[in-house]
S.K.: 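Once you've had a glance at the structure underneath, I'll fire off some questions.
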Amino acid sequence: MAQIVLDKLSKRFGDGTVAVHDADFTIEDGEFFILVGPSGCGKSTLLNMIVGLEDITDGDLLVDGDRFNDRDPKDRNMAMVFQSYAIYPHMTVRENMAFPLKIKKVPKDEIESRVADAAKILELEELLDRKPANLSGGQRQRVAMGRAIVREPAAFLMDEPLSNLDAKLRVQTRTAIAKLQQRLGTTTVYVTHDQTEALTLGDRVAVMRRGEVQQVGTPRDLYNEPANLFVAGFIGSPAMNLLPAHMEGDELHLPMASVPVPDEMRTRLRGRTSDRLVAGIRPEHFEDAAFVSEEEGTHMASFTAQVDVIEWMGSELYAYFTVHTEESREELKEMAEDLGTVEFGSEGPQVVARLDAGSQAAEGKEVELCLDIDRIHLFDAETGENIQNPTGETGEVPAVGAAEAATPA
């Protein structure tokens, strides 16, 4: 096992493109650490810098206190699991798993022992004499993981290992990876673009955008107290609704309703030179008014919305509606393009509400909804900073302003 310290790591390519800029955090010994972000954000490049497949332009990589910048990949004692299975088609499962040990001239008895142990952990014992052509996608990925396990590395590095699997198999294999990491206790760095994988697997997560680390924290931290607009919109499924807002006196004006501002929030907003805000509302913080008790209603604002689309999921219901606003927030449109999760029509942004499965909300009909005003997040429209958490108190990385985060990598 190993502690991995990234001390302001940066990667610039020959044409001047900055793929990673000042990545600065620590991956603790035995931790399951996730790098997550949209395609092209630099997460795989950062992983390759750790394992030695990419040179480090600036900064230092420290493993258990030793500087690893110039060490060859073979001397780093790290095992890589790729998106493609990368197993030899002409070899059996047993031969594939044993191959890295044979290259190192490990004694035959030890090779057999390590392969047997890994096969037992991964439930591959009955498949050891099969070739990859006779295995399912999930079994092939387990073989690739077994080949990494037998090396007994200081760290596992996984680059989107579940991307080639179908949805059901992805969930099964995700659970298997989580159990495996808990059993082995090996430091694991896992790259994914899927925020569901990030939230369910990671002890801590680093969210990246355009080469910049936006926030590092536990899944709960990222979900409850996102440092900025990007983290707020990226973490959570369905995604957080991001809406233009502004203050007038003691009221916050949203496209669908005006709500009183709590005293603590008023204190944070006092002294601001701009009233341009973005409100973040998670879908689960709406509810059909028919399912809200009188006591619950004291913390909620009600409004009427015309439903565009209904998605009934069995245990819950998603209602999509458009809010009408004359306010323009170009920052939101840029963020929507980057996230790929927010839709803007000609009349305004589309909002999704997660409602009780018994709701009678119907497409083309009006429904009375309630919004939990205590769960609204407020962001500075110019910097993207979470006003409730302006100094990054819950995460290890302070909020990155929208302007800075938008700088091309």
Side-chain angles (χ1 to χ4, degrees), residues 4 6 8-11 18-28 31-47 49-50 157-160 163 188-242 278 280 282 331-332 334-342 377 379-380 383-409:
I4 302 171
L6 286 68
K8 297 189 180 301
L9 285 193
S10 294
K11 174 65 180 181
V18 178
V20 177
H21 178 66
D22 278 357
D24 193 65
F25 53 84
T26 297
I27 301 166
E28 298 296 344
E31 186 172 31
F32 200 132
F33 193 91
I34 307 287
L35 298 174
V36 67
S39 298
C41 70
K43 55 190 184 294
S44 290
T45 300
L46 186 53
L47 190 76
M49 292 163 71
I50 295 172
L157 305 181
M158 300 187 181
D159 192 358
E160 306 217 36
S163 294
T188 301
V189 187
Y190 186 106
V191 162
T192 181
H193 66 274
D194 185 335
Q195 54 93 16
T196 300
E197 281 183 22
L199 295 181
T200 54
L201 285 174
D203 295 323
R204 285 187 306 143
V205 179
V207 181
M208 296 187 66
R209 182 195 185 206
R210 300 184 182 181
E212 299 264 1
V213 176
Q214 303 289 298
Q215 186 177 3
V216 177
T218 66
R220 195 178 297 270
D221 286 341
L222 300 180
Y223 187 83
N224 290 328
E225 300 186 42
N228 58 36
L229 274 171
F230 181 80
V231 177
F234 191 81
I235 297 296
S237 180
M240 179 184 280
N241 301 292
L242 301 176
V278 174
R282 295 209 178 273
E331 302 92 339
L332 290 184
E334 179 187 353
M335 196 71 63
E337 293 175 0
D338 214 1
L339 292 167
T341 56
V342 186
H377 293 264
F379 302 89
D380 188 297
T383 66
E385 182 181 87
N386 188 332
I387 295 172
Q388 286 107 315
N389 184 31
T391 58
E393 293 165 1
T394 60
E396 296 171 27
V397 177
V400 177
E404 180 183 351
T407 304

S.K.: How far does CZ of Arg204 sit from CG of Asp221, to the nearest 0.5 angstrom?
M.R.: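 So the gap between those two atoms works out to 10.0 Å.
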S.K.: So which of Gln214, Glu385, Arg209 actually passes side-chain hydrogen bond (donor to acceptor under 3.5 Å, both in side chains) with Asn228?
M.R.: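 Result for side-chain hydrogen bond (donor to acceptor under 3.5 Å, both in side chains) with Asn228: Gln214.
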S.K.: Testing the basics here: between Val231 and Pro226, what is the closest heavy-atom pair and its distance to 0.1 Å?
M.R.: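 Here Val231 and Pro226 meet closest at CG1-CB, 3.8 Å.
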S.K.: Could you check whether any side-chain heavy atom of Ile27 comes within less than 4.5 Å of a side-chain heavy atom of Leu6, counting everything from C-beta outward?
M.R.: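 Side-chain contact under 4.5 Å: yes.
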S.K.: Sequence neighbours left out, what passes side-chain hydrogen bond (donor to acceptor under 3.5 Å, both in side chains) with Asp203? Give chain and number order.
M.R.: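 For Asp203 there are no side-chain hydrogen bond (donor to acceptor under 3.5 Å, both in side chains) partners, ignoring immediate neighbours.
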S.K.: Taking only residues two or more places apart in sequence, or in another chain, which ones meet Leu199 in a side-chain contact (heavy atoms from CB on, under 4.5 Å)?
M.R.: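 Result, side-chain contact (heavy atoms from CB on, under 4.5 Å) vs Leu199: Gln195, Pro219, Ile235.
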S.K.: How long is the straight-line distance from NZ of Lys8 back to CG of Asp22, given to the nearest 0.5 Å?
M.R.: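 That separation rounds to 5.5 Å.
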S.K.: List the residues meeting side-chain hydrogen bond (donor to acceptor under 3.5 Å, both in side chains) with Asp159, not counting sequence neighbours, and say none if there are none.
M.R.: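 By the side-chain hydrogen bond (donor to acceptor under 3.5 Å, both in side chains) rule, Asp159 matches Ser44.
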S.K.: With under 30° as parallel and over 60° as perpendicular, where do the rings of Phe33 and Phe25 fit, or are they tilted in between?
M.R.: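 The rings of Phe33 and Phe25 lie parallel, inter-plane angle below 30°.
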S.K.: Tell me, please, which residues at least two apart from Thr188 pass side-chain hydrogen bond (donor to acceptor under 3.5 Å, both in side chains).
M.R.: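 With neighbours one apart ignored, the set is empty.
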S.K.: State which residues pass side-chain contact (heavy atoms from CB on, under 4.5 Å) with Asn224; sequence neighbours excluded, sorted by chain then number.
M.R.: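 For Asn224 the side-chain contact (heavy atoms from CB on, under 4.5 Å) partners, ignoring immediate neighbours, are Arg220.
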S.K.: Do you know the tightest heavy-atom contact between Leu242 and Gly280?
M.R.: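 Result for this residue pair: CD2-CA, 4.0 Å.
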S.K.: Give, for atom CD1 of Ile50 and atom OG1 of Thr45, the distance between the pair rounded to the nearest 0.5 Å.
M.R.: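 One gets 11.5 Å once the value is rounded to the nearest 0.5 Å.
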S.K.: What's the separation between atom NE2 in His377 and atom CZ in Arg282, rounded to the nearest 0.5 Å?
M.R.: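 Here the interatomic distance stands at 5.5 Å.
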S.K.: Can you list the residues that meet the side-chain contact (heavy atoms from CB on, under 4.5 Å) rule with His193, with sequence neighbours excluded?
M.R.: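 side-chain contact (heavy atoms from CB on, under 4.5 Å) check on His193 returns Lys43, Glu160, Ser163.
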S.K.: Is there a donor in the side chain of Glu225 and an acceptor in the side chain of Asn386, or the other way round, less than 3.5 Å apart?
M.R.: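 No donor-acceptor contact under 3.5 Å links the two side chains.
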S.K.: Side-chain contact, heavy-atom cut-off 4.5 Å: Val189 with Leu35?
M.R.: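 They are in contact (side-chain heavy atoms under 4.5 Å apart), so the answer is yes.
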S.K.: Taking all heavy atoms of Ala227 and all of Gln215, pick out the closest pair and write down the distance.
M.R.: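 Heavy atoms of Ala227 and Gln215 come nearest at N-OE1, 2.7 Å.
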S.K.: Of all the heavy-atom pairs spanning Gly384 and Phe379, show the shortest one and how long it is.
M.R.: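 It is O-CD2, 3.7 Å.
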S.K.: Which heavy atom of Val205 sits nearest to which heavy atom of Ala198, and what is that distance?
M.R.: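 Minimum heavy-atom separation between Val205 and Ala198: CG2-O, 3.6 Å.
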S.K.: Mind listing the closest non-hydrogen atom pair of Thr26 and Glu31 along with its distance?
M.R.: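 Smallest heavy-atom distance, with atoms named: O-OE1, 4.2 Å.
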S.K.: Let me see the working for Ile34 and Glu197 under side-chain contact (heavy atoms from CB on, under 4.5 Å), right down to the final yes or no.
M.R.: CA-CA 9 Å; Ile34 307 287; Glu197 281 183 22; over 6 Å; no
